[in-house]
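Proteins come first, then strands; the chains are lettered A, B, ... in the order of their sequence lines, and each starts at number 1.
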Amino acid sequence: DAKTTQPPSMDCAEGRAANLPCNHSTISGNEYVYWYRQIHSQGPQYIIHGLKNNETNEMASLIITEDRKSSTLILPHATLRDTAVYYCIVSPHSGGGADGLTFGKGTHLIIQP
Amino acid sequence: EAQVTQNPRYLITVTGKKLTVTCSQNMNHEYMSWYRQDPGLGLRQIYYSMNVEVTDKGDVPEGYKVSRKEKRNFPLILESPSPNQTSLYFCASSSVTGANVLTFGAGSRLTVL
(Lines give C-alpha, C1' and ligand atoms only; values in the text may rest on other atoms or scores of the structure.)
Protein backbone atom coordinates (compact mmCIF):
# COMPACT_ATOMS: atom_id res chain seq x y z
CA ASP A 1 0.00 0.00 0.00
CA ALA A 2 1.05 3.58 -0.62
CA LYS A 3 1.64 5.47 2.58
CA THR A 4 -0.43 8.42 3.70
CA THR A 5 0.41 11.48 5.76
CA GLN A 6 -2.19 13.12 7.97
CA PRO A 7 -1.93 15.79 10.66
CA PRO A 8 -2.07 14.15 14.09
CA SER A 9 -4.84 16.39 15.36
CA MET A 10 -7.25 19.13 14.33
CA ASP A 11 -9.91 21.25 15.98
CA CYS A 12 -13.13 22.44 14.41
CA ALA A 13 -16.03 24.47 15.78
CA GLU A 14 -19.40 22.79 15.98
CA GLY A 15 -21.56 23.65 12.98
CA ARG A 16 -18.60 24.51 10.78
CA ALA A 17 -17.19 22.41 7.96
CA ALA A 18 -14.33 20.15 8.99
CA ASN A 19 -11.69 19.73 6.28
CA LEU A 20 -9.29 16.86 6.89
CA PRO A 21 -6.25 16.70 4.58
CA CYS A 22 -4.34 13.64 3.49
CA ASN A 23 -1.18 13.35 1.40
CA HIS A 24 -0.58 10.20 -0.63
CA SER A 25 2.09 11.22 -3.10
CA THR A 26 3.10 7.64 -4.02
CA ILE A 27 -0.41 6.40 -4.79
CA SER A 28 -0.59 3.90 -7.67
CA GLY A 29 -3.00 4.10 -10.57
CA ASN A 30 -5.19 1.26 -9.31
CA GLU A 31 -5.36 2.45 -5.70
CA TYR A 32 -8.42 4.07 -4.21
CA VAL A 33 -8.54 6.54 -1.33
CA TYR A 34 -10.61 5.32 1.62
CA TRP A 35 -11.68 7.18 4.72
CA TYR A 36 -12.70 5.56 7.97
CA ARG A 37 -13.26 6.98 11.40
CA GLN A 38 -13.10 5.53 14.89
CA ILE A 39 -14.96 7.01 17.79
CA HIS A 40 -13.13 6.24 21.02
CA SER A 41 -12.52 2.45 21.23
CA GLN A 42 -15.52 1.66 19.01
CA GLY A 43 -15.16 -0.30 15.79
CA PRO A 44 -13.92 1.76 12.82
CA GLN A 45 -16.67 3.07 10.57
CA TYR A 46 -16.43 3.35 6.80
CA ILE A 47 -17.10 6.88 5.53
CA ILE A 48 -16.35 7.18 1.83
CA HIS A 49 -13.93 6.20 -0.91
CA GLY A 50 -12.93 7.35 -4.38
CA LEU A 51 -10.52 6.80 -7.25
CA LYS A 52 -10.12 10.16 -8.97
CA ASN A 53 -13.48 11.89 -9.12
CA ASN A 54 -14.92 13.79 -6.19
CA GLU A 55 -17.44 11.80 -4.21
CA THR A 56 -20.28 12.72 -1.88
CA ASN A 57 -22.56 10.68 0.34
CA GLU A 58 -24.78 11.33 3.32
CA MET A 59 -21.81 11.50 5.67
CA ALA A 60 -19.13 13.45 3.84
CA SER A 61 -17.51 14.65 0.64
CA LEU A 62 -14.18 13.51 -0.72
CA ILE A 63 -12.12 15.85 -2.87
CA ILE A 64 -9.17 14.27 -4.71
CA THR A 65 -6.65 16.48 -6.49
CA GLU A 66 -6.19 16.03 -10.21
CA ASP A 67 -2.73 14.48 -9.77
CA ARG A 68 -4.22 12.22 -7.03
CA LYS A 69 -1.36 13.00 -4.68
CA SER A 70 -3.61 14.39 -1.99
CA SER A 71 -7.23 14.47 -0.88
CA THR A 72 -9.53 16.21 1.57
CA LEU A 73 -12.40 14.77 3.52
CA ILE A 74 -15.10 17.32 4.23
CA LEU A 75 -17.69 16.99 6.99
CA PRO A 76 -20.04 19.81 5.98
CA HIS A 77 -21.62 20.62 9.35
CA ALA A 78 -19.57 19.08 12.13
CA THR A 79 -21.30 18.01 15.34
CA LEU A 80 -19.86 16.91 18.67
CA ARG A 81 -20.53 13.31 17.63
CA ASP A 82 -18.01 13.72 14.82
CA THR A 83 -15.16 13.84 17.34
CA ALA A 84 -13.10 10.80 16.36
CA VAL A 85 -9.85 9.59 14.79
CA TYR A 86 -10.09 9.77 11.01
CA TYR A 87 -8.02 7.42 8.90
CA CYS A 88 -7.04 8.05 5.29
CA ILE A 89 -6.00 4.82 3.56
CA VAL A 90 -4.99 4.00 -0.01
CA SER A 91 -5.51 0.50 -1.31
CA PRO A 92 -6.68 -1.40 -4.37
CA HIS A 93 -10.47 -1.64 -4.25
CA SER A 94 -10.65 -5.28 -5.09
CA GLY A 95 -7.96 -6.24 -2.63
CA GLY A 96 -9.06 -7.42 0.75
CA GLY A 97 -6.93 -10.00 2.42
CA ALA A 98 -3.25 -9.44 2.02
CA ASP A 99 -3.99 -6.34 0.00
CA GLY A 100 -6.37 -5.14 2.65
CA LEU A 101 -6.41 -1.94 4.59
CA THR A 102 -3.45 -0.63 6.54
CA PHE A 103 -4.56 1.80 9.22
CA GLY A 104 -2.02 4.42 10.17
CA LYS A 105 -2.25 6.85 13.08
CA GLY A 106 -4.94 9.04 11.54
CA THR A 107 -6.07 12.53 12.52
CA HIS A 108 -7.76 13.08 15.86
CA LEU A 109 -10.53 15.54 15.04
CA ILE A 110 -11.96 17.36 18.02
CA ILE A 111 -15.19 19.27 17.55
CA GLN A 112 -15.41 22.20 19.94
CA PRO A 113 -18.81 23.37 21.22
CA GLU B 1 -30.02 -4.48 11.05
CA ALA B 2 -26.83 -5.29 9.14
CA GLN B 3 -24.09 -5.90 11.66
CA VAL B 4 -21.03 -7.77 12.83
CA THR B 5 -21.45 -9.22 16.31
CA GLN B 6 -18.53 -10.11 18.55
CA ASN B 7 -18.58 -11.94 21.86
CA PRO B 8 -17.48 -11.53 24.53
CA ARG B 9 -17.11 -7.76 24.59
CA TYR B 10 -14.89 -7.88 27.65
CA LEU B 11 -12.84 -10.74 29.03
CA ILE B 12 -10.19 -11.14 31.69
CA THR B 13 -8.38 -14.44 31.64
CA VAL B 14 -5.13 -16.02 32.77
CA THR B 15 -2.09 -17.13 30.84
CA GLY B 16 -2.53 -20.46 29.09
CA LYS B 17 -6.30 -20.77 29.38
CA LYS B 18 -7.70 -21.36 25.90
CA LEU B 19 -10.35 -18.93 24.76
CA THR B 20 -12.43 -18.19 21.69
CA VAL B 21 -13.77 -14.85 20.56
CA THR B 22 -16.76 -15.35 18.30
CA CYS B 23 -17.65 -13.21 15.30
CA SER B 24 -20.84 -13.43 13.30
CA GLN B 25 -22.16 -11.31 10.42
CA ASN B 26 -25.67 -11.23 8.93
CA MET B 27 -24.83 -9.62 5.57
CA ASN B 28 -23.87 -12.74 3.63
CA HIS B 29 -20.36 -11.34 3.22
CA GLU B 30 -17.66 -13.53 1.76
CA TYR B 31 -14.71 -11.71 3.31
CA MET B 32 -14.04 -11.60 7.04
CA SER B 33 -10.99 -10.55 9.04
CA TRP B 34 -9.64 -9.99 12.52
CA TYR B 35 -7.65 -6.97 13.70
CA ARG B 36 -6.03 -6.09 16.96
CA GLN B 37 -5.50 -2.55 18.15
CA ASP B 38 -2.78 -1.51 20.55
CA PRO B 39 -1.74 1.98 21.71
CA GLY B 40 0.86 3.46 19.40
CA LEU B 41 0.65 0.54 16.96
CA GLY B 42 -2.74 1.17 15.39
CA LEU B 43 -4.89 -1.54 13.85
CA ARG B 44 -3.07 -4.63 12.61
CA GLN B 45 -4.61 -7.52 10.71
CA ILE B 46 -4.30 -10.94 12.36
CA TYR B 47 -6.06 -13.32 9.95
CA TYR B 48 -8.51 -13.03 7.12
CA SER B 49 -10.82 -15.27 5.15
CA MET B 50 -11.89 -14.79 1.55
CA ASN B 51 -14.66 -17.40 1.82
CA VAL B 52 -15.70 -20.61 3.56
CA GLU B 53 -12.75 -22.90 4.29
CA VAL B 54 -10.31 -20.27 2.94
CA THR B 55 -8.18 -18.50 5.56
CA ASP B 56 -4.80 -16.82 5.50
CA LYS B 57 -2.38 -14.99 7.76
CA GLY B 58 -2.34 -11.25 8.14
CA ASP B 59 0.45 -9.17 9.62
CA VAL B 60 0.44 -10.55 13.18
CA PRO B 61 -0.85 -14.16 13.18
CA GLU B 62 1.45 -15.64 15.85
CA GLY B 63 -0.46 -17.12 18.77
CA TYR B 64 -3.83 -17.12 17.02
CA LYS B 65 -5.93 -19.57 15.04
CA VAL B 66 -9.10 -19.07 13.04
CA SER B 67 -11.63 -21.22 11.25
CA ARG B 68 -14.30 -20.53 8.65
CA LYS B 69 -16.69 -23.47 8.55
CA GLU B 70 -19.74 -21.32 7.83
CA LYS B 71 -20.02 -18.14 5.86
CA ARG B 72 -21.43 -16.09 8.72
CA ASN B 73 -18.98 -17.10 11.46
CA PHE B 74 -15.25 -16.46 11.87
CA PRO B 75 -14.06 -17.28 15.40
CA LEU B 76 -10.65 -16.21 16.72
CA ILE B 77 -8.98 -18.82 18.89
CA LEU B 78 -6.21 -18.22 21.39
CA GLU B 79 -4.93 -21.68 22.25
CA SER B 80 -2.58 -20.53 25.01
CA PRO B 81 -3.04 -16.82 25.66
CA SER B 82 -0.12 -14.76 26.90
CA PRO B 83 -0.03 -11.24 28.38
CA ASN B 84 1.23 -9.77 25.08
CA GLN B 85 -2.13 -10.71 23.58
CA THR B 86 -3.86 -8.24 25.86
CA SER B 87 -5.49 -5.98 23.31
CA LEU B 88 -8.66 -4.65 21.73
CA TYR B 89 -9.86 -6.99 18.98
CA PHE B 90 -12.09 -6.18 16.05
CA CYS B 91 -13.79 -8.45 13.57
CA ALA B 92 -14.77 -7.05 10.17
CA SER B 93 -16.52 -8.24 7.03
CA SER B 94 -17.21 -7.13 3.48
CA SER B 95 -18.57 -8.44 0.23
CA VAL B 96 -15.89 -9.52 -2.22
CA THR B 97 -16.95 -6.85 -4.68
CA GLY B 98 -16.50 -4.17 -2.02
CA ALA B 99 -13.55 -5.82 -0.37
CA ASN B 100 -12.18 -2.71 1.30
CA VAL B 101 -15.54 -1.33 2.41
CA LEU B 102 -15.50 -3.05 5.77
CA THR B 103 -18.17 -3.32 8.44
CA PHE B 104 -16.54 -3.67 11.86
CA GLY B 105 -17.82 -5.20 15.05
CA ALA B 106 -17.97 -3.25 18.31
CA GLY B 107 -14.75 -4.79 19.60
CA SER B 108 -13.66 -7.27 22.27
CA ARG B 109 -11.35 -6.05 25.00
CA LEU B 110 -9.19 -8.92 26.18
CA THR B 111 -6.90 -8.87 29.21
CA VAL B 112 -4.53 -11.78 29.83
CA LEU B 113 -3.02 -11.88 33.32
Side-chain angles (χ1 to χ4, degrees), chain A residues 1-9 22 24 27-28 30-51 55-60 62 64 71 73 84-108, chain B residues 2-7 9-10 21 23 25 27 29-51 54-61 66 68 74 87-110:
Chain A
D1 287 0
K3 291 186 177 180
T4 61
T5 303
Q6 298 178 253
S9 65
C22 179
H24 32 79
I27 190 170
S28 299
N30 69 335
E31 288 182 317
Y32 285 67
V33 179
Y34 292 84
W35 283 85
Y36 280 75
R37 73 180 182 183
Q38 186 176 23
I39 297 169
H40 181 63
S41 293
Q42 296 181 20
Q45 178 188 23
Y46 164 80
I47 302 173
I48 199 167
H49 74 280
L51 182 63
E55 302 287 345
T56 295
N57 63 20
E58 65 279 1
M59 288 183 69
L62 173 60
I64 303 173
S71 60
L73 178 75
V85 177
Y86 287 77
Y87 298 97
C88 170
I89 305 163
V90 293
S91 183
H93 183 58
S94 60
D99 292 325
L101 301 174
T102 300
F103 289 79
K105 296 189 187 305
T107 295
H108 187 194
Chain B
Q3 59 186 357
V4 176
T5 303
Q6 299 178 223
N7 280 295
R9 294 287 316 282
Y10 302 90
V21 186
C23 175
Q25 51 93 3
M27 296 165 282
H29 283 166
E30 294 83 8
Y31 177 81
M32 298 185 75
S33 66
W34 276 102
Y35 287 81
R36 62 177 288 174
Q37 185 171 32
D38 304 288
L41 297 176
L43 283 145
R44 295 177 292 168
Q45 188 170 239
I46 304 170
Y47 268 95
Y48 64 92
S49 169
M50 298 297 287
N51 214 325
V54 180
T55 64
D56 211 340
K57 297 177 181 178
D59 297 323
V60 288
V66 293
R68 187 90 183 274
F74 189 45
S87 187
L88 180 58
Y89 291 87
F90 292 103
C91 181
S93 74
S94 73
S95 65
V96 171
T97 54
N100 283 325
V101 178
L102 293 168
T103 300
F104 281 82
S108 296
R109 186 169 294 279
L110 171 64

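- Checked by atom type and distance alone, the side chain of Ser49(B) pairs as donor or acceptor with a backbone atom of Val54(B) at under 3.5 Å.
- Taking all atoms of both residues into account, the shortest heavy-atom contact from Glu30(B) to Arg68(B) is O-NH1, 2.8 Å.
- Residue Gln6(B): no heavy atom, backbone or side chain, is found under 4.5 Å from chain A.
- A tilted orientation is assigned to the rings of His49(A) and Tyr32(A), their planes being inclined by 30° to 60°.
- Residues Tyr36(A) and Asn100(B) approach most closely at OH-O, 2.6 Å, considering heavy atoms.
- Looking at Arg44(B), there are no atoms closer than 4.5 Å to chain A (heavy atoms on both sides), in backbone or side chain.
- At a 4.5 Å heavy-atom cutoff, the contact between Leu43(B) and chain A is made by backbone and side-chain atoms alike.
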